Number of protein chains: 2
Amino acid sequence: MDLKDLRYFVAVYEAGGFSRASRYLNTVQSNVSARIQGLERSLGAPLFERQWRSVVPTDHGDRLYSQAKQVIAALDRVEEAFKGSRTV
Amino acid sequence: MDLKDLRYFVAVYEAGGFSRASRYLNTVQSNVSARIQGLERSLGAPLFERQWRSVVPTDHGDRLYSQAKQVIAALDRVEEAFKGSRTV
DNA sequence: TTTTTTTACGACACACGTAACAATG
DNA sequence: CATTGTTACGTGTGTCGTAAAAAAA
């Protein structure tokens, strides 16, 4: 599992759709679709149910969301801690 | 910053050397070296001082270590939570 | 027709392993 | 000579964006 996968997943979850998420992520729908599919495959569980104009998270998706936020928050803290210590 | 970077960093930190870390990571020294260099470049701070037969962490390295462990632990919890829920 | 997700495809970048090098004991 | 870290290099995987297809109102 990759961190970018989690960031893409969170974007889709919060945006409620792949195309909206792709705009937040500054990329195209196809990449978001591919990454989410790969994440679902690697986790072995569907994360969203694709419906007309609404992407609803599965139970797995809901559980992943809260955990993914924690991981991303932890990583953002790391990066934040190194802001301003540019010595190389 | 990539998660694999953090895993490589932790391995070097705990192994106390690049070649020992490469064995834990099932890869070669050159990859470990390149990844640590990339991580140092992206963070803008040196993480290790390379000395003869001893790789000692800098202060930045020490700080990164405790945080990296938290991030990795958080991610491992996510993956653990999905073990056994293989429905796809 | 408009908005969506998926699939196919070509191009490029990155990460890998092999191998050679420099340095230290 | 043995071991370590770095650098150079060729190969292949993967990720990207473009473009086309399919579905729904």
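Order of the sequence lines fixes the chain letters, A, B, ..., with proteins taken first and strands second; residue numbering starts at 1 for each chain. What you see is a predicted model; the values in this text were computed from it and never measured. These values consider heavy atoms only, across backbone and side chains, with no hydrogens, waters or symmetry-generated copies.
Pairs of residues two or more places apart, or lying in two chains, that qualify as salt bridge (charged side-chain N to carboxylate O under 4.0 Å, His left out) and include a residue from residues 14-30 of chain B are B:Glu14-B:Lys69.
For A:Asp62, the side chain to side chain donor-acceptor pair (under 3.5 Å) partners are A:Tyr13, not counting sequence neighbours. B:Gln51 is linked by a side chain to side chain contact (heavy atoms under 4.5 Å, CB included) to B:Glu49, B:Ser54, B:Val56, counting only residues two or more places apart in sequence or in another chain.
Put simply, A:Leu39 and A:Val28 are part of two different groups of oily side chains (I, L, V, M, F, W, Y) that touch within less than 4.5 Å, one to the next. By the criterion of side-chain heavy atoms lying less than 4.5 angstrom apart, applied directly or through intervening Ile, Leu, Val, Met, Phe, Trp or Tyr residues, A:Val78 is grouped together with B:Tyr65 in one hydrophobic cluster. There is no path of hydrophobic side-chain contacts, each under 4.5 Å, that joins B:Tyr24 to B:Val10.
Side-chain contact between B:Glu40 and B:Leu64 is absent, with no heavy atoms from C-beta onward closer than 4.5 Å. Contact check for A:Phe48 versus A:Thr58: no side-chain heavy atoms found under the 4.5 Å cut-off.
A:Val32 comes within contact range of no nucleotide atom at all, as no heavy-atom separation falls under 4.0 Å.
Distance B:Gln51 CD to C:dG25 C1': 15 Å, rounded to the nearest Å. The CZ-P distance, from B:Arg50 to C:dT24, rounds to 16 Å in whole Å. If you measure from atom CZ of B:Arg35 to atom C1' of C:dA15, you get 7 Å, rounded to the nearest angstrom. Across the protein-nucleic acid pair, B:Leu39 atom CG and C:dC14 atom P stand 16 Å apart, rounded to whole Å.
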Protein-nucleotides 17-21 of chain C N/O pairs closer than 3.5 Å?
| from | atom 1 | to | atom 2 | distance (Å) |
| --- | --- | --- | --- | --- |
| C:dG17 | OP2 | B:Thr27 | OG1 | 2.4 |
| C:dG17 | OP2 | B:Asn31 | ND2 | 2.3 |
| C:dG17 | N7 | B:Asn31 | OD1 | 3.3 |
| C:dT18 | O4 | B:Ser30 | OG | 3.2 |

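Under 4.0 Å is where a charged nitrogen must lie from a carboxylate oxygen, and between A:Arg35 and A:Asp2 at least one such pair does.
Taking the 5' to 3' direction, DNA chain D first and last meets chain A under 4.0 angstrom from a heavy atom at D:dT15 to D:dA25.
Both B:Gln37 and B:Arg20 lie near DNA chain D, and the one whose nearest nucleotide falls closer to the 5' end is B:Arg20.
The minimum heavy-atom distance between B:Arg63 and A:Ala81, with the atom names listed, is NH1-O, 3.9 Å.
Side-chain polar atoms of B:Ser66 and B:Gln70 form no donor-acceptor pair below 3.5 angstrom.
Taking side-chain N and O atoms only, A:Lys4 has no distance below 4.0 Å to OP1 or OP2 of C:dC14.
Contacts with DNA chain C (heavy atom under 4.0 Å) in residues 11-18 of chain A: A:Gly17, A:Phe18, listed by number.
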